[in-house]
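Below is one structure; the comments refer to it alone.
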2 protein chains.
Amino acid sequence: MLSFTEENYLKALLHLTMEIEDKVEAGTNELAFYLGVKPATATDMLKKLKEKKLIQYEKYGKISLSDTGRNKAVEILRKHRLWETFLYEKLEFTWDEVHEVAEQLEHIHSPKLVDKLDKFLGYPEVDPHGDCIPNAKGELKQSFKKTLSEVETGASCKMVAVKDNTAAFLQYVSQLNLGIDTPIKVVSRQAYDGSMEIMISGATINVSQKFAENILIV
Amino acid sequence: MLSFTEENYLKALLHLTMEIEDKVEAGTNELAFYLGVKPATATDMLKKLKEKKLIQYEKYGKISLSDTGRNKAVEILRKHRLWETFLYEKLEFTWDEVHEVAEQLEHIHSPKLVDKLDKFLGYPEVDPHGDCIPNAKGELKQSFKKTLSEVETGASCKMVAVKDNTAAFLQYVSQLNLGIDTPIKVVSRQAYDGSMEIMISGATINVSQKFAENILIV
DNA sequence: TAAAATTGTTAGGTTAGTCTAATTGTTATA
DNA sequence: TATAACAATTAGACTAACCTAACAATTTTA
C-alpha cells in the first residue's frame with residue numbers, strides 16, 4: 001500500500017512526463033519544485049521508490065516511471081478526474097473549485113468505489129477541464145495538445161483544456177468567458193513580448209504569452 | 001487544521017462517551033484499545049489535544065471532550081454518515097461495505113463538499129445503519145443503546161460497543177471473533193441462570209448473562 | 001578545456017505518531 | 001489498611017517525511 005506522499009510523487013512524475021510529447025524523464029530539481037519540496041527530500045523519496053521498483057533511477061541520472069509505477073499513477077489520475085467530474089456535475093462545484101478537493105479524494109483507496117463512481121457518472125471520457133479520464137483498464141488517450149500561443153495570427157481554434165490548474169488561473173479564464181469548446185480567434189500579436197489580441201464571442205481582448213501558453217486548443 | 005490522527009482520537013472519544021447514557025468520560029486504556037494503539041501512545045496524544053483545548057484532561061484522570069472538541073468530532077461523524085448514505089444510496093454499496101470507505105472519506109475537508117453532499121442526498125436524517133446524521137448545525141439526536149441481554153430470543157442484532165473495558169473481558173470478546181459491527185443472533189436462553197446461546201458468523205456459542213450485559217447492540 | 005554555474009547527493013537534525021520497558025499512581029480486596 | 005491488581009505515565013527508540021548546509025557530479029560557457 002502506497003502512502004499519500006508516495007502517490008503524490010508518482011502522480012507528479014506522470015504529470016511531468018506527460019506534459020511534452022515524447023518526454024519520458026524528469027530531473028530531481030524539477031520534481032522537487034513541482035511538489036514544493038527541497039531537492040534533498042526528493043532524493044530520499046526517489047531511493048525509496050526505486051527500492052519499490054516504481055521508477056527507474058540511477059544516482060545523478062534522470063527519473064522515469066516503471067510500468068508498475070505508471071499504472072499506479074494513471075489510476076490516481078483516473079480517480080482525480082472522476083472525482084472532479086462528480087463534483088462538477090453532481091454537486092454544483094464550479095470549474096475552478098474542483099481541483100483542490102479532488103487532490104484529497106484521489107487518495108481514497110477502494111477499487112469498488114472507483115468503479116461504482118465511474119458507472120454512476122455514466123462512464124465519462126473527459127473531466128470538467130476537458131482532460132481525458134483514463135478508463136478502468138488504465139488506458140489513457142494521450143492527446144498532445146497545442147497551446148493558444150502556437151496558433152498562427154489570423155487563425156481560429158477552439159479551447160479544449162487548460163494546462164495550469166491553479167484557482168487563480170482558472171478564475172481568470174472564467175472571467176474572460178472562456179470555457180471548454182469556446183471558439184477563439186487570434187487577431188494580432190506583439191513581437192515585443194508575445195502578447196496577443198484574441199476574439200472570444202465577439203469581444204476582443206489582450207492576453208499575455210504566459211496566459212496563451214496555458215490554454216490548450218484544437 | 002487537525003491531522004487525520006487527531007481527528008480519529010476525537011471521534012473515538014465521541015464514540016466512547018456516546019455509547020452509554022450519561023457517560024461523558026473515558027479512560028486512557030479504553031481509548032487506546034478502541035483505537036488499536038498502546039496506552040503510552042494515547043497519553044502522548046492526550047497531552048497534545050489538551051494543549052489544543054480540544055479535551056478536558058488531567059494526569060491520571062478521566063478524559064472528556066471540550067465544546068470545541070465535541071463540535072469537531074460531531075462534524076466528522078456527520079461526514080462519516082453522509083458518505084455512508086451516499087455509498088449506499090447512490091453507489092450500490094451494501095450496508096457492511098460502507099463503513100470502511102467512509103472511514104477514509106470522513107477526513108476530506110471541504111465545508112462546501114459536506115453541504116453540497118447533504119443537499120444532493122436530500123438532507124437525510126439517518127444513515128444506512130439507522131444511526132442519526134448530525135445536521136449542519138452540529139445537532140445530534142442521541143440514541144442510547146440496548147445490551148445483548150435485552151435482545152429477545154430468536155432476534156438478531158449487531159454489536160456496536162462494549163460496556164466493560166477490562167483487558168480480560170476484551171480479550172474474551174476478541175477470542176469469540178466478536179467486534180464492532182459483528183452480527184449476532186440470539187438462539188436460545190436458559191431461564192435458570194440467564195445464559196444464552198448466540199450465533200456469530202455461523203458458529204453457535206454459549207455466553208453468560210454477565211457477558212451479555214456488557215455487549216452493546218443495535 | 002578549465003572555470004563557473006547548475007544539478008543532485010549526503011550528513012545530520014526535526015516533528016508526528018508509534019512502540020517497549022520501566023515506573024508511578026489509583027483502586028479494590030483480603 | 002496494607003498490598004495486590006490495575007491504570008496511566010515517563011523514558012528512550014524507531015520510521016516517514018521533511019529541512020539546512022556542505023559537498024560532489026555534471027553541464028555550460030568563456
Side-chain angles (χ1 to χ4, degrees), chain A residues 1-13 16-17 23 25-64 69 72 76 103-104 107 109, chain B residues 1-13 16-17 23 25-52 54-64 69 72 76 103-104 107 109 162-174 210 214:
Chain A
M1 182 67 57
L2 299 177
S3 69
F4 280 26
T5 309
E6 288 169 327
E7 290 194 347
N8 282 333
Y9 275 81
L10 293 181
K11 195 181 53 148
L13 285 169
L16 292 173
T17 56
K23 189 182 176 190
E25 298 181 315
T28 304
N29 282 1
E30 183 186 11
L31 176 62
F33 179 81
Y34 181 82
L35 286 167
V37 300
K38 298 295 166 189
T41 306
T43 300
D44 283 350
M45 181 57 87
L46 290 173
K47 286 182 192 162
K48 194 166 143 195
L49 294 175
K50 189 196 172 178
E51 188 62 34
K52 292 191 172 186
K53 298 199 195 310
L54 295 163
I55 59 172
Q56 272 113 36
Y57 163 68
E58 294 304 327
K59 212 195 261 188
Y60 290 106
K62 292 290 175 188
I63 312 144
S64 62
K72 299 266 187 197
I76 300 161
E103 285 286 299
Q104 297 178 63
H107 298 294
H109 69 89
Chain B
M1 180 69 55
L2 300 178
S3 68
F4 280 26
T5 310
E6 288 169 328
E7 290 194 347
N8 282 333
Y9 276 81
L10 293 181
K11 195 181 54 149
L13 285 168
L16 292 173
T17 56
K23 187 181 176 190
E25 297 181 316
T28 303
N29 282 1
E30 183 186 12
L31 176 63
F33 179 84
Y34 182 83
L35 287 167
V37 300
K38 298 295 166 187
T41 307
T43 300
D44 283 349
M45 182 55 86
L46 290 173
K47 286 181 192 163
K48 194 165 144 196
L49 294 176
K50 189 197 172 177
E51 188 62 34
K52 291 191 172 186
L54 295 164
I55 59 173
Q56 272 114 37
Y57 163 68
E58 294 303 330
K59 212 193 263 191
Y60 290 106
K62 291 291 174 190
I63 312 145
S64 63
K72 299 267 186 198
I76 300 161
E103 285 285 299
Q104 299 178 61
H107 298 293
H109 69 90
V162 290
K163 226 165 155 176
D164 183 344
N165 281 284
T166 61
F169 178 72
L170 295 171
Q171 273 158 25
Y172 182 22
V173 170
S174 293
K210 182 177 174 184
N214 284 293

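The aromatic rings of B:F4 and A:F4 stand perpendicular to each other, their planes meeting at an angle above 60°, with 30° marking the opposite boundary.
In the set D:dA11, C:dT9, C:dT18, the nucleotide with an atom closest to the side chain of A:T43 is C:dT9. The listed nucleotides are D:dT9, D:dC18, D:dA8; the one nearest the side chain of A:D44 is D:dC18. In this structure, of D:dA8, C:dT9, C:dT18, it is C:dT18 that holds the atom nearest to the side chain of B:Y9. Checked against D:dA8, C:dT18, C:dT9, the side chain of A:P39 finds its nearest nucleotide in C:dT9.
With sequence neighbours excluded, no residue satisfies side-chain hydrogen bond (donor to acceptor under 3.5 Å, both in side chains) with A:E51. For B:E103, the salt bridge (Lys or Arg N to Asp or Glu O under 4.0 Å) partners at least two apart in sequence or on another chain are B:K11.
Heavy atoms of A:T28 sit under 4.0 angstrom from primed sugar atoms or phosphate atoms, though from no base atom. In this structure, A:A42 reaches neither bases nor backbone, as no heavy-atom distance under 4.0 Å exists between it and the strands shown. Within the nucleic acid shown, A:G27 comes within 4.0 Å of sugar-phosphate atoms alone, with no base atom in reach, counting heavy atoms only. Within 4.0 Å of A:T5, counting heavy atoms only, lie sugar-phosphate atoms of the nucleic acid but no base atom. Using a 4.0 Å heavy-atom criterion, one finds that A:F4 contacts no nucleic acid atom at all.
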Would you list the protein and nucleotides 23-25 of chain C atom pairs, both N or O, that sit under 3.5 Å from each other?
from, atom 1, to, atom 2, distance (Å)
C:dT24, O2, B:Y60, OH, 3.4

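For B:I63 and D:dA7, the CD1 to P distance is 13 Å, given to the nearest whole Å.
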